[in-house]
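Just so it is clear: chains get the letters A, B, ... in the order the sequence lines come, proteins before strands, and each one is counted from 1. It should be emphasised that the depicted structure is a prediction, and the values quoted were computed from it without experimental measurement.
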Amino acid sequence: MKQYSFGLDERLLREFFKPVRSKKDVISVLMKSMKLMLVGDHVPDEKKVGELVLMVSKMSRLFYFSEKKYFSISFPYLVNEVENGVEFSSKTISHIDNQITSDVLSILSQEDLFGTDCAYEFIEPIVDMENHEPLFWPFILGLFMHEDGYVRYDFDEENEDGNLHPLNHYDFFYSSFSGCKIGLREKPAKERMMDLLMIESNCHFFET
Amino acid sequence: MSTSFFYLQAEKNDKNAGFINSLELYADKNKRQVYVVDRPLGDSKYAYTYKEVLVLLIPNHKMFFINTGNDAELFEDYVEDFLEDVGSISDKFRYKNVIGRPRSWRKSIIDSVHINEFNGDIEKFLESSVLTGGDVRKKCELIISLLTGSINDIEKVKGDVPDNILDKVKQKILLFDGYQTKFVYQKPIKKKITIQGLSGTGKTELLLHKLKEIYVENPDSKVIFTCHNKILADNLRGRIPDFFNFMKVEEQIRWNERLWCVNAWGSQYKNNSGAYSYICNFYDVPFLRYSYSTSFEYVCKKAIEDIKKSEKIGYAFDFMLIDESQDFPASFFDLCELVTQNTVYVAGDIFQSIFDDKVISEISPDYLLSKCYRTDPKTLMFSHALGMGLFETPKLRWLEDSEWKACGYILNKVDEGSRYELSREPLRRFEDLEQEGVSSVELVKTSVDLGEDAETKIIEIIRNIRTENPTVLADDIGVIFIDSTKNTYLSADKLELSIPREFGWEVNKAYETKEKIKDTLFVSNKNNVKGLEFPFVICVTKKLTSSRSYRNALYMMLTRSFLRTYLLISQDSNGALIGQIEEGLLGIQRSGLLKVSPPKDDEKQELVTKFNYTDDSISFYDFVDRIFDELDVIPIFRKPLFDVVKNTVGESFDYDAVMEVAEFNYNRMNKGQ
């Protein structure tokens, strides 16, 4: 198991901790995180207010830590260590770079992407991308289809409501249809959340 | 003769024709914008009973009411009524707080004279009416902008005359030139009106003004504004309500009832999603969807056939406005003419690319806009030269004399045509740059050997811009990567991290967001830049290749600045070429001339494309006068004959009808004599 850590400054923290409410938001966070890791950004310690951790094992995950919130999503790509940092590859794309991540972000920024009733309107921009990225379709299809494994830890003073909405809790899933809370007695350490989600370590148990 | 420096919106007649003609000559000779109107443009409710008045508007000059008749009292009433209306228009557009009420400026800005007082020497007369002082000149320009419908955002241009060049150019009051005003306000002379120009000549803006005119003037009309690209159409649809609000249009926008702004094709099950889909539904003819084997040209031709066979009668639209016409096949325009009751306005670029060698042949637009208001003429010259490889041997592109002219160049052939000195007319927008000797293009070289990279150079340039222009904002700067390599995306991602840290500015990568975002620094590749302009543009490229699409992109991107373009280029990759370019740039900056030797005849043959332009946009008076010339009508009969023609056929530019009426009546007049 390997771990790569990147510091987050105020601006990056704002960027990554925007509310996640849909698959689109998850893909956007994933692409932006990969860009940050590809650049190999280094935030000086005095500016560091959060952290992004890429945990690589049989099942890889990204973790985002701020003072009051943590969240994690699964990371569906292979990670290769190179001289100046890390590189990523998928089954179809051998080098997921700063361009293809931008291509995905531009597809996501389309107004009404998932709202159109015309299949051609949906596929047209994707077909356009294939002019310079021949395997763009399987790549973006993979993103649309992959299970994102979203989990968030929340320290929520604003909405605290006894056992209905405990001060410390995990939120599993992001949509209001599927989401559920698991209460926590106290704030977990970052490592504890990582331990909870990694398959190599022992399971955690509910104590009821 | 026709010049973009002159605009006439008043009836030319035998009393004023001489005066008007000499004003037009004056405007053209002195490169000074002159407008002659008889009422404020842009709102038809302003009309006056006394007809024998001309209002003369020239920036930096007093505004003259000129009595061309003999009734002093009615003339006085006209002046009072007109000024009252100026007051109300200035109130409507919130100019009043800046320019004040008419009584506060009429003494210093307004003058009344009788036409006879000009005595033929217009130049001398006008020189004595020059306004002095920045404040009064600014008021004068704002009043002219109100009267010609060239409304400026008062929030942007208000305030004292700025002390720095950035704000001076930003706050410059923009006025339509003669051609632009003609396009917006002149009644169409035929069913399809085409307008062409280089990019940056203001075509889309003019279409929006035309749309507003049509929408307001024809209360029950159905109007569609369309272009080929969906993203562009979405963008335009967003702009229309803002534009209508800005122009204080009182009519509600009734989307999909009276007004459509959609791309051309659309989808089968959404009738209001495209021009073609609406038309198919309206006439109940089959809609063909896109496939690799179905071209838009074919579907339009098929629709024309089907509509002609269809039982449905009537017109789908009353007016149609088409932008980016270079993206369309000819059959689309035929379809548009077929389904539109009144007029189809078509706007497009002269060239789809400066290397275009097939599309533009034999096209004669009704309006040819050759003045590019987006960028300083020197920047445009340099960009054309670099795009066409004019500093290199062999050159990549050469234009025929008429084509240079269509692109707004003034030609001076030296040494029996073995050398050309090309220049452009100066523009009011950039006169401050000229005065302060600011160079509008800067070549910045990077060298990996010296440990330099594009990102650090870009940061350095931004730092310099901020030092030189303390009032500069994030959205005043655009960084454009011309090359499409993986590296440019990495550079942009690095800038996205370093610029906020260095300057506290957010970065907007437009190739991801597909839009311009307020208060952010714009970073893009050569796409997603359509219609945009910035005070400062930083163009980044590694190697100047000879590829046509690359050179065209380079030309397009370099012309996006209205203050300064920085061309960031790799010294290591371009060798001696950099020296040639530097020399060429220096030549343009020093003399304002692009000095080049044309390619030899055999070389030329390979490069030339044809561009044919004839000036069709003339006033009704001149139109009829030309027919009188053909009939040899003697001067004494011209006035009564003109009246007969006008009363019989109306102000129609129908050559046959005018000729028939003129000939018949002239024969009668002659016999009577």
Measure the [atom1]-[atom2] distance between [X] and [Y] for me, rounded to the nearest 0.5 Å.
{"X": "B:Tyr489", "Y": "A:Leu38", "atom1": "OH", "atom2": "CG", "answer": "14.5 Å"}
{"X": "B:Lys514", "Y": "A:Leu105", "atom1": "NZ", "atom2": "CG", "answer": "11.0 Å"}
{"X": "B:Leu490", "Y": "A:Gln99", "atom1": "CG", "atom2": "CD", "answer": "11.5 Å"}
{"X": "B:Asp234", "Y": "A:Gln110", "atom1": "CG", "atom2": "CD", "answer": "9.5 Å"}

* Heavy-atom pairs under 4.5 Å with chain A are the metric here; pick the option from B:Glu515, B:Lys509, B:Lys270 that has the most. =>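 That would be B:Lys270.
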(message) Counting only non-hydrogen atoms closer than 4.5 Å, does A:Glu15 touch chain B with its backbone (N, CA, C, O), its side chain (CB onward), both, or neither?
(response)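 The answer is neither part of A:Glu15.
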- Tell me, for A:Leu36 versus chain B, whether the close heavy atoms (under 4.5 Å) come from the side chain, the backbone, both or neither.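 A:Leu36 touches chain B through side-chain heavy atoms alone.
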Determine whether more than 12 heavy atoms belonging to other residues, nucleotides or ligands lie under 6.0 Å from atom [atom1] of [X].
{"X": "A:Asn159", "atom1": "CG", "value": "yes"}
{"X": "A:Glu10", "atom1": "CD", "value": "no"}
{"X": "B:Lys486", "atom1": "NZ", "value": "yes"}
{"X": "B:Tyr298", "atom1": "OH", "value": "no"}
{"X": "A:Lys47", "atom1": "NZ", "value": "no"}
{"X": "A:Lys91", "atom1": "NZ", "value": "no"}
{"X": "A:Arg192", "atom1": "CZ", "value": "no"}
{"X": "A:Glu147", "atom1": "CD", "value": "no"}

Would you mind telling me which of A:Asp9, A:Val43, A:Leu12 makes a side chain to side chain contact (heavy atoms under 4.5 Å, CB included) with B:Leu497?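 Option passing the side chain to side chain contact (heavy atoms under 4.5 Å, CB included) with B:Leu497: A:Leu12.
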Residue part contacting chain A, namely of B:Tyr269, when any heavy atom lies under 4.5 Å: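 No part of B:Tyr269 comes within 4.5 Å of chain A.
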Run the salt-bridge test on A:Lys32 and B:Asp493 with the 4.0 Å N-O cut-off and return the result as yes or no.
->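 B:Asp493 and A:Lys32: not salt-bridged.
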Any salt bridge between B:Arg289 and A:Glu124, counting N to O under 4.0 Å?
->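 A salt bridge is absent here (no side-chain N lies under 4.0 Å from a carboxylate O).
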Audit row: A:Ser102, B:Glu512, side-chain hydrogen bond (donor to acceptor under 3.5 Å, both in side chains) steps and yes/no: CA-CA 6 Å; A:Ser102 284; B:Glu512 288 174 6; 2.6 Å; yes
To check you understand the geometry: which heavy-atom pair defines the closest contact between B:Glu496 and A:Arg11, and what is its length?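 Taking every non-hydrogen atom into account, O-NH2, 3.2 Å.
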